[in-house]
Amino acid sequence: TEQIPSFYQQFEKDFKIGAAINQRTMRSSEHVIKKHFNSLTAENEMKFESLHPSENEYNFEISDKMVAFAEEHQKAMRGHTLVWHNQTSDWIFEQNGGLVDADTLLKRMKEHIDTVVGRYKGKIYSWDVVNEVIADEEDKFYRDSKWYQVLGASFIEKAFEYAHLKDPDATLLYNDYNESNPAKRDKIYQLVKQLKEKDVPVHGVGMQAHWNIYDPSLDNIRKAIEKYASLGVEVQITEMDVSMFAFDDKRTDLTEPTDEMKALQTERYLKFFDVFKEYKDHIGAITFWGVADDYTWLHDFPVKGRKNWPFLFDKNQQPKQVLQKILQSD
Ligand code: G3I
């Protein structure tokens with residue numbers, strides 16, 4: 001059994017230490033969550049399709065339970081996510097058998113944001129308001145989503161405005177992945193800069209941090225944090241995991257990580273936390289996209305059923321040695 005100090009208590013003066021949770025890990029990792037994390041994010045349960053499966057139907061049962069769990073254990077709660085191209089019910093984009101018109105889509109988006117942000121006003125300290133609207137392709141700025149097809153880029157600022165009206169105290173983030181890639185980083189920076197110039201209430205950038213033991217480089221991570229922070233907004237690490245595989249590695253034969261993988265992960269995690277501490281004045285929270293290696297979305301991505309070991313707690317809920325080192329080095 002673990003004899004290490006609490007992860008979040010160690011960093012309480014610097015930033016929150018968070019985890020994404022779901023109904024399964026709330027049980028399987030309950031002790032680890034209670035002891036080591038002071039911020040929680042619902043992995044899927046506050047997404048559009050979970051909360052709002054049809055126009056006149058909301059389902060808050062599971063998200064309410066998570067918020068109550070957070071309150072009971074004095075954990076802060078983040079909200080993920082209000083406007084996204086993925087896991088969003090088809091009905092919102094449909095009207096009379098065709099594509100919805102712009103006015104109607106904007107009304108529906110507002111109604112959703114009003115209802116969800118309003119319900120959790122004061123209970124959720126930070127929302128991922130707009131998620132992943134920047135394109136990965138170098139020659140393209142915005143992702144070509146239904147939101148974009150119907151509304152152009154205008155939905156982005158509207159989403160922030162609506163969310164801010166409903167909960168003026170919540171920290172509102174733009175959230176994205178590949179956030180440390182130089183080309184994408186510049187576009188994210190441009191987007192948030194333009195929003196700030198228009199006085200849109202955007203308060204931070206969420207760096208998802210789906211990283212691995214090789215990529216991205218520390219230099220690119222540093223530059224990303226610096227660039228976003230230079231806009232005068234908060235930076236949050238919102239979905240961190242450190243995969244044992246390079247992005248293009250599709251091997252499926254490993255049932256345990258190799259010693260080399262483990263050593264590289266240890267080294268990387270130590271360096272990441274050195275960087276986070278270096279920029280602690282700009283970073284509000286560091287959230288992992290899960291708790292322990294028994295469950296991660298990476299077990300199904302990019303290869304269905306392939307094991308991965310991306311966290312600081314192993315599949316038996318035990319802290320890895322590197323967590324010990326992170327806590328000692330602080
Ligand atoms: O709920 C159904 C279940 O009823 C069904 O039997 C099962 C069969 O596959 O699927 C279940 O839905 C899955 C859902 O997670 C809940 O477990 C979906 O297939 C699966 O695609 C979905 O994956 C989620 C993914 O977002 C979808 O985009 C992952 O859990 C979640 O970790 C992941 O999180 C995203 C962030 O929201 C945004 N940033 C990237 C990050 C990783 O992709």
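Using modelled atom types, one finds a donor on one side chain and an acceptor on the other under 3.5 Å when comparing D176 with Y174. A donor-acceptor contact closer than 3.5 angstrom links the side chains of N44 and Q87. Counting only N and O atoms by type, the side chains of N131 and Q208 include a donor and acceptor under 3.5 Å apart. Of the N and O atoms on the side chains of H210 and E239, at least one donor lies less than 3.5 Å from an acceptor on the other residue. Side-chain contact annotation: Q317 with D294, donor-acceptor N/O pair under 3.5 Å present. For the residue pair Q10 and E12, no side-chain donor N or O sits within less than 3.5 Å of a side-chain acceptor on the partner. Defined by atom type and a distance below 3.5 Å, a donor-acceptor pair is present between the side-chain atoms of Q95 and T104. In the model, K16 has no side-chain atom that pairs as donor or acceptor with a side-chain atom of Q236 under 3.5 Å.
Taking CG from L165 and NZ from K110, the interatomic distance works out to 7.0 Å, rounded to the nearest 0.5 Å. In this structure, CG in N181 is found 10.0 Å from CG in D215, a value given to the nearest 0.5 Å. Considering CZ of F15 and OH of Y279, their distance stands at 13.5 Å, rounded to 0.5 Å. With rounding to the nearest 0.5 angstrom, the NE2 atom of H203 is 9.5 Å from the OG atom of S126. The structure places OG of S29 at 10.0 Å from CD1 of I21, a figure rounded to the nearest 0.5 Å. Once rounded to the nearest 0.5 Å, the distance linking CD1 of I213 with CE of M261 reads 5.5 Å.
Seen from the ring of Y228, K223 does not count as a face-on cation partner, given the 6.0 Å and 45° thresholds. At least one cation-pi condition fails for R24 and Y295: the charged atom is not both under 6.0 angstrom from the six-membered ring centre and inside a 45 degree cone around its axis. A cation-pi arrangement, defined by a distance under 6.0 Å to the six-membered ring centre and an angle within 45 degrees of its axis, is absent between R108 and F93.
Judged by distance alone, with hydrogens and angles left aside, the side-chain atoms of D167 form a donor-acceptor pair with the main-chain N or O of D169 at under 3.5 Å. Judged purely by atom type and a 3.5 angstrom limit, H52 uses its side chain to pair as donor or acceptor with the backbone of E55. Proximity of a side-chain donor or acceptor of W91 to a complementary backbone N or O of P53 within less than 3.5 Å is detected. The closest donor-acceptor contact from the side chain of K187 to the backbone of Y142 lies at 3.5 Å or more, if one exists at all. Using modelled atom types, one side-chain atom of N308 and one backbone atom of M244 make a donor-acceptor pair closer than 3.5 Å. In this structure, the side chain of T88 does not engage the main chain of H85 through any donor-acceptor pair within 3.5 Å.
Checked against a 6.0 Å centroid threshold, the rings of H36 and Y8 do not count as neighbours. In this structure, the ring of F272 has its center less than 6.0 angstrom from the ring center of W211. Aromatic pair F160/H164: ring centres not closer than 6.0 Å. Two rings, from Y148 and F155, have their centers 6.0 Å or more apart. Ring to ring, F60 and Y58 are close: their centroids are under 6.0 angstrom apart.
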Q. Does the side-chain hydrogen bond (donor to acceptor under 3.5 Å, both in side chains) test come out yes or no for W297 and E43, once each step is laid out?
A. CA-CA 9 Å; W297 74 287; E43 184 185 12; 6.0 Å; no
Q: Go through the steps for S145 and Q149 under the test side-chain hydrogen bond (donor to acceptor under 3.5 Å, both in side chains), then give the verdict.
A: CA-CA 6 Å; S145 68; Q149 283 167 32; over 6 Å; no
**Q.** Intermediate values then yes/no, side-chain contact (heavy atoms from CB on, under 4.5 Å), L312 and I326
**A.** CA-CA 10 Å; L312 290 172; I326 289 170; 4.1 Å; yes
**Q.** Worked check of side-chain contact (heavy atoms from CB on, under 4.5 Å) between L173 and T171
**A.** CA-CA 7 Å; L173 302 194; T171 302; 3.9 Å; yes
Q: Give the intermediate values and the outcome of side-chain contact (heavy atoms from CB on, under 4.5 Å) for residues M46 and V67.
A: CA-CA 11 Å; M46 289 191 189; V67 172; 3.6 Å; yes
**Q.** Test log, rule side-chain contact (heavy atoms from CB on, under 4.5 Å), inputs Y189 and S230
**A.** CA-CA 9 Å; Y189 169 83; S230 77; 3.7 Å; yes
Q.
Evaluate W289 against H80 for ring pair (Phe, Tyr, Trp, His ring centres under 6.0 Å), listing each step before the verdict.
A. CA-CA 12 Å; W289 207 236; H80 177 82; 5.1 Å; yes
Q: Could you walk me through whether K262 and Q321 pass side-chain hydrogen bond (donor to acceptor under 3.5 Å, both in side chains), step by step?
A: CA-CA 10 Å; K262 287 195 217 166; Q321 266 181 20; over 6 Å; no
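Ion pairing of K193 with E197 is present here, as a side-chain N (NZ or NE/NH1/NH2) and a carboxylate O approach within less than 4.0 Å. Under 4.0 Å is where a charged nitrogen must lie from a carboxylate oxygen, and between E226 and R222 no such pair does. Between R78 and D128 there is a salt bridge, since a side-chain N of the basic residue sits under 4.0 Å from a carboxylate O of the acidic one. Between D90 and K146 there is no salt bridge, since no side-chain N of the basic residue sits under 4.0 Å from a carboxylate O of the acidic one. With salt bridges taken as basic N to acidic carboxylate O contacts below 4.0 Å, none links R185 and E179. A salt bridge links E256 with K315; the closest basic N to acidic carboxylate O contact falls under 4.0 Å. Salt-bridge formation is not detected for the pair D103/K107: no Lys NZ or Arg NE/NH1/NH2 atom is positioned less than 4.0 Å from an Asp or Glu carboxylate oxygen. One finds no salt bridge joining K307 and D293 here, because no Lys/Arg side-chain nitrogen approaches an Asp/Glu carboxylate oxygen to under 4.0 Å.
By the 4.5 Å heavy-atom criterion applied to side chains, T296 and H299 are counted as neighbours. Under the 4.5 Å side-chain criterion, counting only non-hydrogen atoms from C-beta, K35 is not in contact with H31. Residues D300 and L298 form no side-chain contact, since every pair of their non-hydrogen atoms from C-beta on lies 4.5 Å or further apart. With contacts defined as side-chain heavy-atom distances shorter than 4.5 Å, the pair Y162/K158 qualifies. Inter-residue side-chain proximity for N38 and F11 is flagged as unmet; no heavy-atom pair is nearer than 4.5 Å. By the 4.5 Å heavy-atom criterion applied to side chains, M240 and T287 are not counted as neighbours. Annotation: side chain of W147 is in contact with side chain of V83 (closest heavy-atom distance under 4.5 Å).
Taking the six-membered ring where tryptophan is involved, the planes of F288 and F273 are essentially parallel, since the angle between them stays under 30° and well short of 60°.
Linking Ile, Leu, Val, Met, Phe, Trp and Tyr residues whenever their side-chain heavy atoms come within less than 4.5 Å places I92 and L99 in a single cluster. In the hydrophobic cluster analysis, where Ile, Leu, Val, Met, Phe, Trp and Tyr join through side-chain heavy atoms closer than 4.5 angstrom, V129 is grouped apart from Y177. The hydrophobic cluster containing Y120 does not contain Y125, counting ILVMFWY residues as joined when their side-chain heavy atoms lie under 4.5 angstrom apart, directly or transitively. In terms of hydrophobic clustering, with Ile, Leu, Val, Met, Phe, Trp and Tyr side chains grouped at heavy-atom distances under 4.5 Å, F301 and W309 are assigned to different clusters. In terms of hydrophobic clustering, with Ile, Leu, Val, Met, Phe, Trp and Tyr side chains grouped at heavy-atom distances under 4.5 Å, W84 and V150 are assigned to different clusters.
Within 6.0 Å of CD on E138 lie no more than 12 heavy atoms contributed by other residues, nucleotides or ligands. Other residues, nucleotides and ligands contribute more than 12 heavy atoms inside 6.0 Å of the NZ atom of K121.
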